[in-house]
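What you see below is based on every heavy atom in this structure, not just the backbone, and it leaves out hydrogens, waters and symmetry mates.
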Amino acid sequence: MNNPFKLVWLKCIIVLLLIAGISGGLLAILNDVFYVSPEERTHRAIQKIYGEKKEYSVIIDVDGTDEDKKQPVIYEDMGRIDKIYYVDKTDDADKNFDMLFKTTGYFGYKNGTITLWVKVVCSENEQPTIDKIILESFDKQTLMSKLGNSFYEGFYDVTDNYYQAKDKKDEEKTYNPVSGATYSATAACNAVNCVIKFVKGE
């Protein structure tokens with residue numbers, strides 16, 4: 001005589017296996033359908049910053065296919081730079097162009113991070129200047145609404161000093177505070193500081 005409990009368990013296991021198989025297949029299909037290549041992500045980021053498509057060349061891209069350009073720039077006390085592009089630079093002799101950075105700042109809230117796109121304008125007769133900053137992503141930060149446009153605009157036009165979110169009376173750093181979100185502001189400052197450090201050749 002068949003045990004009814006064994007039959008119930010067998011049916012449950014079969015149903016669960018069918019659900020797992022169907023779900024796995026759907027995830028695999030959707031992953032292919034919605035896959036975005038690194039190149040397409042770069043085009044989207046550039047279009048988001050410039051409002052139009054732009055010609056660019058790769059200096060560093062950790063997601064790229066060129067092994068010689070996949071190594072990130074790491075500053076252990078600040079963060080890292082994962083992508084650097086020349087934008088509208090026609091040749092090596094061109095003195096007027098932009099540099100676009102995807103940079104991540106360390107030491108945010110709960111030791112999390114903030115990742116930004118930073119546009120730096122380079123011209124022949126002036127020092128490089130930060131022209132635009134866009135938030136890309138963040139990790140563990142809960143008060144990102146406090147880092148609005150006025151905060152990011154506080155970084156513009158300064159590429160000779162580093163930034164800090166707390167007033168530590170450091171004459172070599174520029175004070176850019178955010179009330180109530182100091183740790184997140186610290187991570188954002190560190191992301192920008194990575195760019196400044198790179199531009200200064202350090």
Chemist: Please step through side-chain contact (heavy atoms from CB on, under 4.5 Å) for the pair Trp117 and Ile133, ending with a clear verdict.
Modeler: CA-CA 6 Å; Trp117 284 99; Ile133 297 175; over 6 Å; no

Chemist: First locate atom CD1 of Ile81, then atom CG of Leu116, and finally report the distance between them rounded to the nearest 0.5 Å.
Modeler: 11.5 Å

Chemist: Hey, is Asp82 close enough to Arg80 for a salt bridge, meaning N to O under 4.0 Å?
Modeler: yes

Chemist: For Tyr85 and Asp61, does a side-chain donor sit closer than 3.5 Å to a side-chain acceptor?
Modeler: yes

Chemist: Membership question, hydrophobic clusters at under 4.5 Å side-chain separation (ILVMFWY): are Val195 and Ile134 in the same one?
Modeler: no

Chemist: Let me confirm one number: the NZ-CG distance from Lys200 to Asn161, rounded to the nearest 0.5 Å.
Modeler: 6.5 Å

Chemist: The test is side-chain contact (heavy atoms from CB on, under 4.5 Å); show your working for Tyr50 and Val87 and say whether it passes.
Modeler: CA-CA 10 Å; Tyr50 288 91; Val87 180; 3.6 Å; yes

Chemist: Quick one: side-chain hydrogen bond (donor to acceptor under 3.5 Å, both in side chains) partners of Asp88, sequence neighbours excluded?
Modeler: Lys54

Chemist: In terms of hydrophobic clusters joined by side-chain contacts under 4.5 Å, are Ile46 and Val118 together?
Modeler: no

Chemist: Which pairs pass salt bridge (Lys or Arg N to Asp or Glu O under 4.0 Å) with one or both residues in residues 180-199, sequence neighbours excluded?
Modeler: Lys197-Glu202

Chemist: Compare all side-chain heavy atoms of Val73 with those of Cys194 and state whether any distance is below 4.5 angstrom.
Modeler: no

Chemist: Let me check something: do Met144 and Tyr163 share a hydrophobic cluster, defined by ILVMFWY side-chain heavy atoms less than 4.5 Å apart, either directly or through other members?
Modeler: yes

Chemist: Distance-only, no hydrogens or angles: does the Asp131 side chain make a donor-acceptor pair with backbone N or O of Lys119 under 3.5 Å?
Modeler: no

Chemist: Any heavy-atom pair between the side chains of Thr142 and Tyr109 that's under 4.5 Å?
Modeler: yes

Chemist: So if you build clusters from Ile, Leu, Val, Met, Phe, Trp, Tyr with side-chain heavy-atom gaps below 4.5 Å, do Tyr86 and Phe198 land together?
Modeler: yes

Chemist: How many angstroms lie between atom CG of Asn96 and atom SG of Cys122, to the nearest 0.5 angstrom?
Modeler: 9.0 Å

Chemist: Can you check whether Leu17 reaches Ile13 side chain to side chain, under 4.5 Å on heavy atoms?
Modeler: yes

Chemist: Starting at CG of Leu147, measure out to CG of Asn176 and round the result to the nearest 0.5 Å.
Modeler: 9.5 Å

Chemist: My understanding is that only residues two or more places apart in sequence, or in another chain, count here; which of them pass side chain to side chain contact (heavy atoms under 4.5 Å, CB included) with Thr159?
Modeler: Gln127, Ile130

Chemist: Say you draw a straight line from CZ of Phe138 to CG of Leu143; how long is it, rounded to the nearest 0.5 Å?
Modeler: 10.0 Å

Chemist: Which atom names give the shortest non-hydrogen contact between Ser179 and Lys146, and what distance separates them?
Modeler: O-CD, 3.4 Å

Chemist: May I ask you to test the Thr186-Gln164 pair for a side-chain heavy-atom distance under 4.5 Å?
Modeler: no

Chemist: Same cluster or not: Ile84 versus Tyr56, using hydrophobic residues (I, L, V, M, F, W, Y) connected whenever any side-chain heavy atoms lie under 4.5 Å apart?
Modeler: no

Chemist: Are more than 12 heavy atoms from other residues, nucleotides or ligands located less than 6.0 Å from atom OH of Tyr152?
Modeler: yes

Chemist: State, with a plain yes or no, whether a side-chain heavy atom of Val120 is found less than 4.5 Å away from one of Thr129.
Modeler: no

Chemist: Would you please test Leu135 and Ile114 for side-chain contact (heavy atoms from CB on, under 4.5 Å) and show each step?
Modeler: CA-CA 8 Å; Leu135 175 66; Ile114 289 179; 3.8 Å; yes

Chemist: Please determine whether side-chain contact (heavy atoms from CB on, under 4.5 Å) holds for the pair Thr104 and Glu136, giving the CA-CA distance in whole Å, both sets of side-chain angles, and the decisive distance to 0.1 Å.
Modeler: CA-CA 9 Å; Thr104 299; Glu136 166 70 12; over 6 Å; no

Chemist: Answer yes or no: does atom CG of Asn149 have more than 12 heavy-atom neighbours from other residues, nucleotides or ligands under 6.0 Å?
Modeler: no

Chemist: Kindly state whether the ring of Phe155 and the ring of Phe151 have centres lying under 6.0 angstrom apart.
Modeler: yes

Chemist: Any chance you could measure Tyr162, atom OH, to Thr174, atom OG1, to the nearest 0.5 Å?
Modeler: 11.5 Å

Chemist: Show the nearest heavy-atom pair for residues Lys110 and Lys140, with the distance to one decimal.
Modeler: O-CD, 3.5 Å

Chemist: Check whether Lys83 reaches the backbone of Thr103 with its side chain - one donor and one acceptor, N or O, closer than 3.5 Å.
Modeler: no

Chemist: With a cut-off of 6.0 Å (strictly less than), are more than 12 heavy atoms of other residues, nucleotides or ligands near CD of Glu55?
Modeler: no

